[in-house]
Amino acid sequence: MDGIQQIEQLDIENVDPGVIEKFLQELPEKAFHLGLRIVLAILALLIGMQLIRLVRSVMKRGLRRGKVEENAIHFIDSFVKYALCFVLIIFIASWMGVDATSIVAILGSASVAIGLALQGSLSNMAGGILLLCLKPFVVGDYIMDAQGMEGSVTAIDVFYTRLHTFDDKVIVLPNGTLANGSIINYTKSEKRRVDIPVGIAYEEDIRKAREVLMTMIKGDEDVLKKETMRVVVDSLADSSVNLVIHCWCKSEDYWPVKWRLTENAKYALDDAGITIPFPQLDIHTK
C-alpha cells in the first residue's frame with residue numbers, strides 16, 4: 001500500500017506545471033478556432049445550398065429550351081439535387097478536417113448493409129427510371145394503378161409519383177410498385193368514349209327511346225360528331241330494359257360530358273313521357 005502511494009506521489013511530482021499552464025493558455029484560442037470553423041461550415045452549407053438551387057434552375061431552363069418532357073425534367077432535377085447535396089456534405093466534412101477517403105471507405109464497407117436497408121428505396125429509384133424511359137404516363141395524365149388509386153399525375157420524383165384527386169387529395173405512390181403493376185391511363189389518347197347506362201320500362205318503345213337519346217347526344221356541343229354515336233340495348237333486366245349511350249369526347253372533357261349527358265338523358269326521357277322504372281317484383285298468389 002505504501003508502495004502505491006509512493007508511485008502516485010512520484011507521478012504527481014513528475015507532472016510539469018508548464019504543460020497544464022500552456023494548455024489553459026491555448027484553450028481560448030483553440031475554442032475560438034473551433035467556433036470559427038463551425039460558423040464557416042454553416043456559412044459554406046448555406047452558400048452551397050444557394051449554389052445548388054442556382055445550378056438546378058439553370059439546368060431546368062436549359063432542359064426546357066431543349067424541349068425535354070416535364071416529367072423527365074422533374075426526375076433529373078430530383079436526382080441532381082440529392083447528388084449535389086451529398087457532394088456538398090463531403091466537401092464540408094473534408095474542410096472540417098474529416099478525411100474524405102475514410103468517409104468513402106466507411107460507405108464502401110457499409111454498402112451491403114445500406115443496400116439491404118434501402119432496398120425499397122433503390123427499387124423505387126429503379127422504378128422511377130423505368131417510368132421515365134417507358135413513359136406509360138406523363139405529368140398531367142389521369143391514371144389508376146392496380147390498387148385502384150387514381151388521380152392526375154402532378155410529379156414523378158426519384159422515389160415517388162404524386163397524384164392529385166378530384167376531391168383535392170394528394171396520393172403518393174412508390175415508383176417500384178407503380179412500375180411493376182398494371183396502370184390504366186385514361187388520358188393517353190386525345191379522345192375517350194362516354195358510356196352512360198339508361199333503363200326504360202318494358203312497356204316503353206325502345207325505338208322511340210333510342211331516337212330521343214340520339215337527339216339529346218347530338219345536341220351536346222362537346223360530343224365529337226365525327227365519331228360513332230349510338231344507343232344500344234345492353235341487357236333485359238328484371239325491372240327494366242337497359243340501354244347504353246355510346247359517344248366520344250375529348251379526354252379533358254370526359255367528366256363534364258358524362259355528368260351533363262346523364263342528367264340530360266333523364267330530362268329528355270321525362271319530356272318524351274318515357275318511364276325510367278324503379279326496381280319492381282311481380283308476385284302471383286293462389
Side-chain angles (χ1 to χ4, degrees), residues 31-111 113-115 117-143 151-165 168-179 185 187:
F32 172 76
H33 286 299
L34 178 60
L36 182 61
R37 278 180 172 270
I38 294 175
V39 171
L40 292 177
I42 295 173
L43 289 175
L45 179 62
L46 296 176
I47 295 173
M49 295 302 295
Q50 293 299 325
L51 288 176
I52 289 173
R53 290 192 185 96
L54 179 61
V55 170
R56 291 169 56 202
S57 178
V58 172
M59 180 192 67
K60 286 190 287 187
R61 285 199 298 268
L63 292 173
R64 288 192 177 99
R65 282 197 295 268
K67 297 182 179 180
V68 179
E69 291 185 358
E70 193 63 32
N71 58 329
I73 293 174
H74 193 85
F75 185 89
I76 295 171
D77 176 60
S78 298
F79 184 81
V80 170
K81 174 185 176 182
Y82 292 123
L84 291 180
C85 286
F86 177 77
V87 172
L88 177 63
I89 292 173
I90 295 295
F91 172 78
I92 294 175
S94 300
W95 182 79
M96 288 289 292
V98 181
D99 189 3
T101 306
S102 301
I103 297 176
V104 174
I106 292 172
L107 290 177
S109 62
S111 59
I114 294 173
L118 301 178
Q119 58 182 346
S121 297
L122 294 176
S123 174
N124 290 338
M125 185 172 69
I129 295 174
L130 285 175
L131 294 175
L132 183 65
C133 296
L134 300 179
K135 299 178 182 178
F137 56 82
V138 296
V139 173
D141 284 351
Y142 190 90
I143 67 170
S152 298
V153 180
T154 57
I156 305 174
D157 294 331
V158 175
F159 302 107
Y160 298 98
T161 293
R162 289 177 172 82
L163 306 182
H164 188 266
T165 64
D168 207 24
K169 295 178 182 176
V170 176
I171 301 176
V172 181
L173 301 175
N175 286 338
T177 304
L178 199 58
N185 191 332
T187 53

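Quick caveat: nothing in here was measured; it's all calculated off a predicted structure.
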Visitor: Any heavy-atom pair between the side chains of Thr154 and Val139 that's under 4.5 Å?
Guide: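 A side-chain contact is absent here, since even the closest heavy-atom pair is not under 4.5 Å.
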Visitor: Mind checking whether Pro174 and Tyr160 have side chains closer than 4.5 Å, heavy atoms only?
Guide: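 Pro174 vs Tyr160: side chains touch.
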Visitor: Please determine whether side-chain contact (heavy atoms from CB on, under 4.5 Å) holds for the pair Leu173 and Leu163, giving the CA-CA distance in whole Å, both sets of side-chain angles, and the decisive distance to 0.1 Å.
Guide: CA-CA 8 Å; Leu173 301 175; Leu163 306 182; 3.6 Å; yes
Visitor: Could you tell me which residues satisfy salt bridge (Lys or Arg N to Asp or Glu O under 4.0 Å) with Arg56, sequence neighbours excluded, listed by chain and number?
Guide: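 Salt bridge (Lys or Arg N to Asp or Glu O under 4.0 Å) check on Arg56 returns Asp77.
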Visitor: Under a 4.5 Å cut-off applied to non-hydrogen side-chain atoms, are Leu88 and Met49 in contact?
Guide: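 A side-chain contact exists here, since the closest heavy-atom pair is under 4.5 Å.
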Visitor: When rounded to the nearest 0.5 angstrom, what distance separates CG in Leu51 from CG in Leu84?
Guide: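 Rounded to the nearest 0.5 Å, the CG-CG separation comes out at 10.0 Å.
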Visitor: If you measure from CD1 on Ile47 to CD1 on Ile42, what distance do you get to the nearest 0.5 Å?
Guide: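 So the CD1 of Ile47 and the CD1 of Ile42 are separated by 12.0 Å.
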Visitor: How long is the straight-line distance from CD1 of Ile156 back to NZ of Lys135, given to the nearest 0.5 Å?
Guide: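 Result: 10.5 Å between the selected atoms.
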Visitor: A side-chain contact here means heavy atoms from C-beta on lying under 4.5 Å apart; do Asn175 and Leu131 qualify?
Guide: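 The answer is yes; the side chains approach within 4.5 Å.
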Visitor: Can you find a heavy atom in the side chain of Phe137 that is under 4.5 Å from one in the side chain of Leu178?
Guide: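 Yes, their side chains come closer than 4.5 Å.
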Visitor: Show, in sequence, the C-alpha distance, side-chain angles and deciding distance for Val138 and Val153, and conclude whether the side-chain contact (heavy atoms from CB on, under 4.5 Å) test is met.
Guide: CA-CA 7 Å; Val138 296; Val153 180; over 6 Å; no
Visitor: Give, for atom CD of Gln50 and atom CG of Leu45, the distance between the pair rounded to the nearest 0.5 Å.
Guide: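 Reported to 0.5 Å precision, the distance equals 10.5 Å.
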Visitor: Restricting to side chain to side chain donor-acceptor pair (under 3.5 Å), what partner residues turn up for Asn185, sequence neighbours left out?
Guide: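 So Asn185 forms a side chain to side chain donor-acceptor pair (under 3.5 Å) with Asp141, Thr187.
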Visitor: Just to verify, what does Ser57 make a side chain to side chain donor-acceptor pair (under 3.5 Å) with, not counting sequence neighbours?
Guide: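 With neighbours one apart ignored, the set is Arg61.
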